[in-house]
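The next block holds one structure in the form of structure tokens; read it before the comments.
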There are 2 protein chains.
Amino acid sequence: MAVRIVIAEDQTMVRQALVALLELEPDLEVVAQAATGDEALAMTRKHQPDVAVLDIEMPGRSGIQVASQLHSSGFGGAIVIVTTFDRPGYLRAAMAAGARGFLLKDAPAADLAAAIRRVAAGERVVDPALAAAALAEGDSPLTDRESEVLTAAASHDSIADIAARLHLSPGTVRNHLSAAIQKLGARNRAEAVQMAQQKGWL
Amino acid sequence: MAVRIVIAEDQTMVRQALVALLELEPDLEVVAQAATGDEALAMTRKHQPDVAVLDIEMPGRSGIQVASQLHSSGFGGAIVIVTTFDRPGYLRAAMAAGARGFLLKDAPAADLAAAIRRVAAGERVVDPALAAAALAEGDSPLTDRESEVLTAAASHDSIADIAARLHLSPGTVRNHLSAAIQKLGARNRAEAVQMAQQKGWL
DNA sequence: CCCCGGCCGTGACAGATGTCACGGCCGGGG
DNA sequence: CCCCGGCCGTGACATCTGTCACGGCCGGGG
């Protein structure tokens, strides 16, 4: 009995190449493909596969958001998150969203098929080095408001704009921003944004 | 007689998947793979393939730099650039570097094999929509110095740091930066950096 | 109950940033 | 030859940023 798979990845060439790779395995069967988060959600609900393979970076809904919604709506299959970026925060978010596997696109292609088989069998699959990095990093030191303000700052707006968008006083925004910069050890707003994103805290 | 190919792409899983895809075609033969720009250069020089397929975003040397060096050192084969990002400036740079084909990873996987065959036959392969966008955009309005200063500004340093790195006076750096911000219609240094990168002018 | 921490705001300050006007040095083109 | 434009620099100015000190409002925990 073949493992039934839905695969979501926005870059057509990459998606089709991965499908070609998986189709070479006689015990794996790709039953549907998706190019966006919304499609991934629809396809997974429609086909109820044994394993959903989700890229994180997709237009619309991210793979992590899709995983979270599938998980909380009682999806019975396993979820494998695949991503380009080696950000420990992603691992944490993926696990919180109910994923059972987490792979980097830097890994050998054979690992994907292996991971699919293992999660289908009920195991968890996580690169040990990544898991260690995620643990070593700890949680975000930022409060909710600070994260929110920093996120808003990511679009290169002035403090006044951010304040207007969040319905806050400019002074408050500056204070939150200053706190975030301090906590992250950055020297700029821009650097703070970049560091927080890099750690997956945004 | 099969078309001999060297393929360079930093993400192992994607690279191996693409190779698997190409190996399904009886008239194509992947003779070597590379995960970095330097490897790509070495492998291409060693194997002298009919076609070199180069990703742009790679550690070390970018695919465009590799193409440029191959081209100016008299490489006899054809070069196809493949990239994730839809930046018209990339197309311009790729063409200037001597590429004969330019593909986005958003394109169908079948296009890759088709493009390889066509460039091997001496044709040029460029997505018409992308070519139009590149033409519509025009050249960079920035002078050499402005581009250089803006590039240095991308790492979130202060003006003083940039001035030190480029051996310039802080006032001059501010002037160049100000000019760049004006020309690009940005409201920040950060926004200017982002816009220039987005257009491929950096 | 009181204290603590998150959150919101104000006021003040130093320093960084962006803009402008101005001048000098060069090399190329009319 | 002179003019123009790129490049480098200075000085001055208004504004924006980042930091600090301070106070008030709340909700949860000891």
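- With a 6.0 Å radius and a threshold of 12 heavy atoms from other residues, nucleotides or ligands, B:H47 has its NE2 atom above the threshold.
- When all heavy atoms of B:R15 and B:D10 are compared, the pair lying nearest together is NH1-O, 3.9 Å.
- Residues B:E25 and B:R117 are paired through a salt bridge, judged by an N-O separation under 4.0 Å between the basic side chain and the carboxylate.
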Can you name the atoms? Protein N/O to nucleotides 14-18 of chain C N/O, anything below 3.5 Å, with the distance.
unit_1 : atom_1 : unit_2 : atom_2 : d
C:dT17 : OP1    : B:R189 : NH2    : 2.9
C:dT17 : OP2    : B:I159 : N      : 3.2
C:dT17 : O5'    : B:R189 : NH2    : 3.4
C:dG18 : OP1    : B:R189 : N      : 3.2
C:dG18 : O6     : B:R174 : NH1    : 2.7

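- Taking 4.0 angstrom as the limit, A:H176 places a side-chain polar atom (N or O) nearer than this to OP1 or OP2 of C:dC8.
- Following rounding to the nearest Å, A:E146 (CD) and C:dG5 (C1') show an atom-to-atom distance of 12 Å.
- Using a 4.5 Å heavy-atom threshold, the side chains of A:E23 and A:L28 count as separate.
- A salt bridge does not link B:R4 with B:D50: none of the charged nitrogens is closer than 4.0 Å to a carboxylate oxygen.
- Atom NZ in B:K183 sits about 12 Å away from atom P in D:dG5, given to the nearest Å.
- Salt bridge annotation for B:R187-A:D161: present, with a cationic side-chain nitrogen under 4.0 angstrom from a carboxylate oxygen.
- The distance between atom CG of A:L184 and atom P of D:dT19, rounded to the nearest whole Å, is 11 Å.
- When side chains are defined from C-beta on, A:R145 does not count as touching A:T172, because their heavy atoms never get closer than 4.5 Å.
- When the options B:V51, B:L22, B:V30 are evaluated for a side chain to side chain contact (heavy atoms under 4.5 Å, CB included) with B:V3, the one that passes is B:V51.
- Rounded to an integer number of Å, the gap from A:D144 CG to D:dG27 P is 16 Å.
- Salt-bridge check for B:K105 with B:E9: passed, with a basic side-chain N closer than 4.0 Å to an acidic carboxylate O.
- Within 3.5 Å, a donor on the side chain of A:N175 pairs with an acceptor on the base of D:dC20, or the reverse.
- Note on A:K183 versus A:E146: salt bridge recorded, some NZ/NE/NH1/NH2 to OD/OE distance being below 4.0 Å.
- Counting only Watson-Crick and G-U wobble pairs whose two distances sit under 3.5 Å, DNA chain D takes part in these stems of three or more pairs: C:1-30 with D:1-30.
- Checking B:E57 against B:T83 by side-chain atom types alone, a donor-acceptor pair falls below 3.5 Å.
- For the segment residues 163-172 of chain B, residues with any heavy atom less than 4.0 angstrom from an atom of DNA chain D are, sorted by number, B:L168, B:S169, B:G171, B:T172.
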